[in-house]
Amino acid sequence: MRHDPDVLVIGGGIVGLFCAYFLRRAGSSVTVVERGPVGGPQSCSHGNTGFVGTQGAAPLAEPGVPAQGIRWLLNPESPFHIKPRWDGGLPRWLWHFRRACNERDAEAAFHVLLDLKKRSLEILREVCADDGLASTFTAQGMVLAFKTPEGFDKGCRSVPRAVDNGVPLRVLDPQELRALEPDAEFDISGALYNEEGAYLRVPDFLREFARTLQGMGVEIHGQTEVLGFEVTGREVGLVRTARGDLRPREVVVAAGTWSAERVRELGLGLMLQPAKGYTVTVKTPRNAPRRPVLLSEGKVAIAPLGDRLRLGGTLELSGMDRTVSRRRVEGILRTVQAYLPEMEHTETLETWSGLRPCTPDSLPYIGRAEPYRNLSVACGHGHIGLGLAPAGGRLIAQILAGERPDMDPEPFRVGRYGGWARPFRRRR
Ligand SMILES: Cc1cc2nc3c(=O)[nH]c(=O)nc-3n(C[C@H](O)[C@H](O)[C@H](O)COP(=O)(O)OP(=O)(O)OC[C@H]3O[C@@H](n4cnc5c(N)ncnc54)[C@H](O)[C@@H]3O)c2cc1C
């Protein structure tokens, strides 16, 4: 590594890359270190379904979720699972999650997440106007499909709230659905449409965006794990990596779900659980949908990637384990078959699992990690991290520059769950 940067970003997933982008644009010299290859399968940003539109800003914690979750726990193919295991952090996380499952908190989180998503979509439109990135971003609307009449009724009842909040959601009649998706044969009760549906093709976007950043002067080092820190007073003085030590002026921890273990040695406790999800990428069948589709009751997303089609879902609280569960993957495929029974079976090209970095309130941690003077955290973007990372990265850059942020940073405060793994210890 060439020199000590103004800012060292730990983690080369979507969040780390967008922090680097805005920090560099603000004039700092920036280095990103990533444990694996940038855009590699270890990263949660690698193989997900990439939805980045204005749809899906609801937090995971909503009224009714605990009861539904318990019903799902009894079904081995359901989209939700908790693996029984010894993890002191899990009961605490679940307790805070349960507390957040009320109207008031869910509504507040929805507004904050929607605002972050809208700002991020604007940034993505700008960034992806660049030639190299244009082919990795598609904004052609999305369909929300409902299998059951009750599900469709519930979906229709959500339309006025969405519209009141500036989300262009509307009911599709069957002819309109046929016109939008002439190849796909849906077996559903009804559908909604959001013309602001958009998605990123990952991992292509990550690799191309990393090249853009390098062109701007950001140093990016793959295969460079951060191993530890040396602290002097209230400053992180030195960062030890697998490829040498660095003495940056500022450190941003954007290591996804690994951020919690990374900052634990600094005495910081982040309320973060890895929530495993799966995607199956197949050769695109002849009669596949042309735009992104959410199979609403089954919680499965479909992303068309040209000659590939990606099917993703499931949320499993099973620790840092990335093993693929056949039963859950079969559950995803069965859900797709129920909504699109005529869709051909084609060759599977990739089965992937990723760990979403989830906070109990679904709001990311973005901000300074007090009492350290030069440590910040950007993680916990959960189930919609691609849709939140751009505006979150801009917020980090504004905070580090000491500027007045363009949005209120309070909901993302790093210390909002207490913040300490153990009492702050002065070292050296
Ligand atoms: C099945 C599935 C579907 C999803 N679909 C969507 C979707 O449609 N839309 C959406 O917005 N979001 C979606 N998500 C969520 C989204 O993928 C995540 O929120 C997002 O990728 C998190 O990004 P991140 O940069 O925080 O974490 P990551 O992408 O995991 O990046 C963190 C990086 O830090 C690195 N790292 C860790 N420790 C160290 C260390 N010590 N030193 C150096 N590097 C380190 C890791 O290797 C990793 O690459 C989905 C997730 C899954 C699993």
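Heavy atoms only: backbone and side chains are in, while hydrogens, waters and symmetry mates are out. Because the structure is predicted, anything quoted here is derived from the model rather than measured. Both counts, for ligands and for their atoms, begin at 1 and track the order of listing.
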Top protein contact for atom 18 (C) of ligand 1, by heavy-atom distance | Gly382 O, 3.5 Å
Which word best sums up how the rings of Phe18 and Tyr21 line up, parallel for under 30°, tilted for 30 to 60°, or perpendicular for over 60°?
-> perpendicular
Among non-hydrogen protein atoms, atom 35 (C) of ligand 1 lies closest to Glu34 OE1, 3.2 Å
Taking all non-hydrogen atoms of both residues, which atom of Ser158 and which atom of Leu169 are closest, and how far apart?
-> OG-CD2, 4.1 Å
Atom 44 (N) of ligand 1 [closest protein heavy-atom partner, distance rounded to 0.1 Å] = Arg35 N, 3.0 Å
Please determine if Glu261 and Arg264 form a salt bridge, counting it only when a charged side-chain N lies under 4.0 Å from a carboxylate O.
-> no
Do NZ/NE/NH1/NH2 and the carboxylate oxygens of Glu265 and Arg262 come within less than 4.0 Å?
-> yes
Restricting to heavy atoms, the pick from Gly13, Pro37, Ser45, Ala242 nearest atom 23 (O) of ligand 1 would be Ser45
Using only heavy-atom distances, determine whether the side chains of Thr281 and Arg310 contain a donor-acceptor pair under 3.5 Å.
-> yes
Using a heavy-atom cut-off of under 4.0 Å, does the side chain or the backbone of His383 touch ligand 1, or both, or neither?
-> backbone
Less than 3.5 Å between some nitrogen or oxygen of Leu355 and one of ligand 1, yes or no?
-> no
Here the pair of heavy atoms bringing Asn374 nearest to Pro248 is ND2-O, 4.4 Å
Is the NZ or CZ atom of Arg161 both under 6.0 Å from the centre of the six-membered ring of Phe110 and within 45° of that ring's axis?
-> yes
Here the atoms of ligand 1 under 4.0 Å from any heavy atom belonging to Thr224 are 43 (C)
Distance-only N or O hit between ligand 1 and Val15, under 3.5 Å | yes
Ala301 near ligand 1 by a heavy-atom separation under 4.0 Å | no
Less than 3.5 Å between some nitrogen or oxygen of Trp258 and one of ligand 1, yes or no?
-> no
Plane angle bin for His46 and Trp352 - parallel if under 30°, tilted between 30 and 60°, otherwise perpendicular = tilted
Lys/Arg-Asp/Glu bridge criterion (N-O < 4.0 Å) met for Lys83, Glu316 | no
Of the side chain and backbone of Phe51, name the one, both, or neither that has a heavy atom under 4.0 Å from an atom of ligand 1.
-> both
Taking N or O atoms only and a 3.5 Å limit, does Trp352 qualify as a polar contact for ligand 1?
-> no
Tell me yes or no: between the side chains of Arg243 and Thr224, is some donor less than 3.5 Å from an acceptor?
-> yes
Heteroatom proximity flag, Arg356 to ligand 1, N/O under 3.5 Å = no
Among Gly222, Ala255, Gly50, Gly393, whose heavy atom sits nearest atom 36 (N) of ligand 1?
-> Ala255
Considering distance alone, does some N or O of Ile10 sit under 3.5 Å from an N or O of ligand 1?
-> no
the protein heavy atom lying closest to atom 4 (C) of ligand 1 turns out to be Asn48 CB, 3.2 Å
Nearest non-hydrogen contact to atom 22 (C) of ligand 1 from the set Pro357, Gly354, Cys358, Cys379 belongs to Pro357
Numbering as shown, the atoms of ligand 1 that approach Val33 to under 4.0 Å (heavy-atom distance) | 43 (C), 44 (N)
Residue pair Tyr372 / Arg368, side-chain donor-acceptor N/O under 3.5 Å | no
Return yes when atom CZ of Arg240 has more than 12 non-hydrogen atoms of other residues, nucleotides or ligands closer than 6.0 Å, and no otherwise.
-> yes
Looking at OG1 of Thr348 and CG of Leu311, how far apart are the two atoms once the value is rounded to the nearest 0.5 Å?
-> 8.5 Å
Structural part of Glu225 in contact with ligand 1, heavy atom criterion under 4.0 angstrom | both
State whether the shortest distance between N or O atoms of Gly385 and N or O atoms of ligand 1 falls below 3.5 angstrom.
-> yes
Among Gly53, Cys44, Gly256, closest by any non-hydrogen atom to atom 30 (O) of ligand 1 = Cys44
Backbone or side chain, does any N or O of Thr49 fall under 3.5 Å from an N or O of ligand 1?
-> yes
Carboxylate-amine/guanidinium contact Arg416 Asp361, below 4.0 Å = yes
Close approach of Gly312 to ligand 1, heavy atoms, under 4.0 angstrom | no
Min N/O separation Gly36 to ligand 1 under 3.5 Å | no
Kindly confirm or rule out an N or O of Val226 lying under 3.5 angstrom from an N or O of ligand 1.
-> yes
When you check the gap from the basic side-chain N to the acidic O, do Glu122 and Arg119 get nearer than 4.0 Å?
-> no
Any non-hydrogen atom of Ile384 lying under 4.0 Å from ligand 1?
-> yes
Thr49 side, atom OG1; Tyr199 side, atom OH - distance, nearest 0.5 Å = 11.5 Å
Hey, which atoms in ligand 1 end up nearer than 4.0 Å to a heavy atom of Tyr278?
-> 1 (C)
At under 4.0 Å between heavy atoms, what of Gln42 touches ligand 1? The answer is side chain
